[in-house]
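All remarks here apply to the structure that follows.
Here is how names work: the chains are called A, B, and so on, in the same order as the sequence lines, proteins then strands, and each is numbered from 1. Quick caveat, the model's predicted, so the values are computed rather than measured. Side-chain atoms are counted along with the backbone in the values below, which use heavy atoms only and exclude waters and symmetry mates.
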Protein chains: 2
Amino acid sequence: MGLFLSTTTNKIDKKGRISVPSAFRTVLSKDDFAGVILFQSYTLPAIEGVSMSTMDMMNNRVDQNFAFFSNDHDELATVLFGGAVPLVFDGDGRITLPQHFIDHAQLGDQASFVGMGHKFQIWNPELFKDRQKQSLESVKSQGVTLSRKDT
Amino acid sequence: MGLFLSTTTNKIDKKGRISVPSAFRTVLSKDDFAGVILFQSYTLPAIEGVSMSTMDMMNNRVDQNFAFFSNDHDELATVLFGGAVPLVFDGDGRITLPQHFIDHAQLGDQASFVGMGHKFQIWNPELFKDRQKQSLESVKSQGVTLSRKDT
DNA sequence: TGACATCCCATGAAAATCCATGCTATCCCA
DNA sequence: TGGGATAGCATGGATTTTCATGGGATGTCA
């Protein structure tokens, strides 16, 4: 499917536009929707981004795990889909970030796109430095590792 | 899958380009992505290299072991994927090393590719000499061995 | 008609691509 | 077995293309 990898920092211009890194666009263009789905992280001052097909996948999981009219289902669906915003690329691969995302992630005139495999996050570059450092410490100290095993 | 074996030292030119040893390219070319994934070692002044399929494997493991929005998932993904850079070979089998990798591994105008089985490392040749010596002594004194057991 | 979104084009910097060269190991045939 | 041809590989440099970014023009909705 293609993975979101590496970290890229781009500028937000006066109009609130920002270029989605070319490599990320390539991953996103695998499905027919020419854009990206964004929603705010529930726990971090960051914006999460996924492809439309990943959104489909999450939708299926919600339906599998919860009865269709249960309260749990509706609560999760409300948060997950109610807060999700589809944004279409302009001709040059840019998107315009809605104001509440900019507020939530405390973005100034720059933003970092952080690849996380099947998804990515958008951060204030300064905040991300700390986040990165803290993640590394956490991964190292907790010994969260992956053993290599071919499937 | 093919293993990364032996050590080769190549030149880094003015533009930061370096030839990936032909034997390594052969191993990497087993999957459809014509390049290599690099990230910095968490503990050593070296760069680590793996194939895209290894990266895929790691991604699957992360998703299997951690809930998609859990903090553990995000921290691991940040370290693992946010710091990973996919580099495509040019027509002659070279890659251009990003500056922060050159800094981290303290590379001058040369670099050693060290085969390590499923992955390889890129070292400053001088630093690697010490590393090699120290590894050998450590293995000898601790009597590190391998159990012969597949899977 | 003003605010805002969308589309289009220009530009500079960076990255990808292409071509040339020399070295070395290998092969082939006399 | 010697020696020349050949192919693969690392290296250097030039050229072309892509990409991020800025700004203007056009369209749209309240």
Side-chain angles (χ1 to χ4, degrees), chain A residues 2 4-29 33-38 47 49 85-103 107-115 120 122-125 128, chain B residues 2 4-29 32-38 47 49 52 84-103 107-115 120 122-125:
Chain A
F4 296 106
L5 296 176
S6 119
T7 298
T8 312
T9 300
N10 284 341
K11 272 191 87 173
I12 302 176
D13 68 17
K14 297 174 207 161
K15 301 180 183 177
R17 297 178 302 184
I18 186 168
S19 286
V20 176
S22 170
F24 284 20
R25 292 204 303 269
T26 304
V27 175
L28 290 165
S29 67
F33 173 70
V36 58
I37 316 293
L38 297 186
I47 308 165
V85 180
L87 293 173
V88 179
F89 300 136
D90 72 9
D92 303 310
R94 287 177 289 198
I95 54 176
T96 300
L97 296 173
Q99 190 58 46
H100 68 282
F101 283 162
I102 293 180
D103 295 341
L107 298 179
D109 66 340
Q110 285 196 321
S112 296
F113 289 79
V114 182
F120 64 88
I122 302 175
W123 282 81
N124 174 317
F128 179 64
Chain B
F4 298 107
L5 297 176
S6 112
T7 298
T8 312
T9 300
N10 284 341
K11 264 192 95 174
I12 303 176
D13 69 17
K14 298 175 209 161
K15 301 182 184 174
R17 295 181 302 186
I18 186 169
S19 286
V20 176
S22 171
F24 285 19
R25 291 205 304 269
T26 305
V27 176
L28 291 164
S29 67
D32 52 359
F33 172 71
V36 58
I37 316 294
L38 297 186
I47 308 165
M52 182 61 97
V85 181
L87 294 173
V88 180
F89 299 136
D90 71 9
D92 305 310
R94 287 176 291 195
I95 54 175
T96 301
L97 295 173
Q99 190 59 46
H100 67 281
F101 284 161
I102 292 180
D103 296 341
L107 299 179
D109 66 342
Q110 285 197 320
S112 296
F113 290 79
V114 183
F120 64 88
I122 301 175
W123 282 81
N124 175 316

Checklist entry - Please walk me through it: do A:Leu107 and A:Ile18 pass side chain to side chain contact (heavy atoms under 4.5 Å, CB included)? => result CA-CA 12 Å; A:Leu107 298 179; A:Ile18 186 168; over 6 Å; no

Checklist entry - Parallel under 30°, tilted from 30 to 60°, perpendicular over 60°: which one fits the rings of A:Trp123 and A:Phe128? => result tilted

Checklist entry - A:Lys14 near the nucleic acid: base, sugar-phosphate alone, or nothing, with a heavy-atom cut-off under 4.0 Å? => result sugar-phosphate

Next on the checklist: OP1 or OP2 of C:dA16 versus the side-chain N and O atoms of B:Lys15: is any pair under 4.0 Å?
Outcome noted: no

Checklist entry - Out of C:dC18, D:dA10, D:dA20, which nucleotide sits closest to the side chain of B:Arg94? => result C:dC18

Next on the checklist: Whole angstroms only, please: what is the CD1-C1' distance between B:Ile95 and C:dA15?
Outcome noted: 14 Å

Checklist entry - Separation of A:Ile12 atom CD1 from D:dG22 atom C1', in whole Å? => result 15 Å

Item to check | Any B:Ser22 side-chain nitrogen or oxygen under 4.0 Å from OP1 or OP2 of D:dC9 | outcome: yes

Checklist entry - Just how far, in rounded Å, is P of D:dT17 from CG of B:Asp90? => result 17 Å

Next on the checklist: Which residue in the set B:Val27, B:Val88, B:Leu28 passes side chain to side chain contact (heavy atoms under 4.5 Å, CB included) when paired with B:Val36?
Outcome noted: B:Leu28

Item to check | A:Asp92, nearest nucleotide to its side chain (from C:dC18, D:dG22, D:dG24) | outcome: D:dG22

Checklist entry - Between D:dG13 atom C1' and B:Lys11 atom NZ, what is the distance in whole Å? => result 13 Å

Next on the checklist: Salt bridge check, B:Asp13 against B:Lys15: does any charged N sit closer than 4.0 Å to a carboxylate O?
Outcome noted: no

Next on the checklist: Please report the distance, rounded to the nearest Å, between CG in A:Asp13 and P in C:dC4.
Outcome noted: 15 Å

Item to check | Nearest listed nucleotide, side chain of A:Arg17, among D:dG24, D:dA20, C:dA16 | outcome: D:dG24

Item to check | Contact nearer the 5' end of DNA chain D, comparing A:Ser19 with B:Ile18 | outcome: B:Ile18

Next on the checklist: What contact category does A:Asn10 fall into here, base, sugar-phosphate, or nothing, at under 4.0 angstrom with non-hydrogen atoms?
Outcome noted: sugar-phosphate

Item to check | d(CZ, B:Phe89; P, D:dT11) in whole Å | outcome: 15 Å

Checklist entry - In terms of the angle between their ring planes, are A:Phe113 and A:Phe120 parallel, tilted or perpendicular, with boundaries placed at 30° and 60°? => result tilted

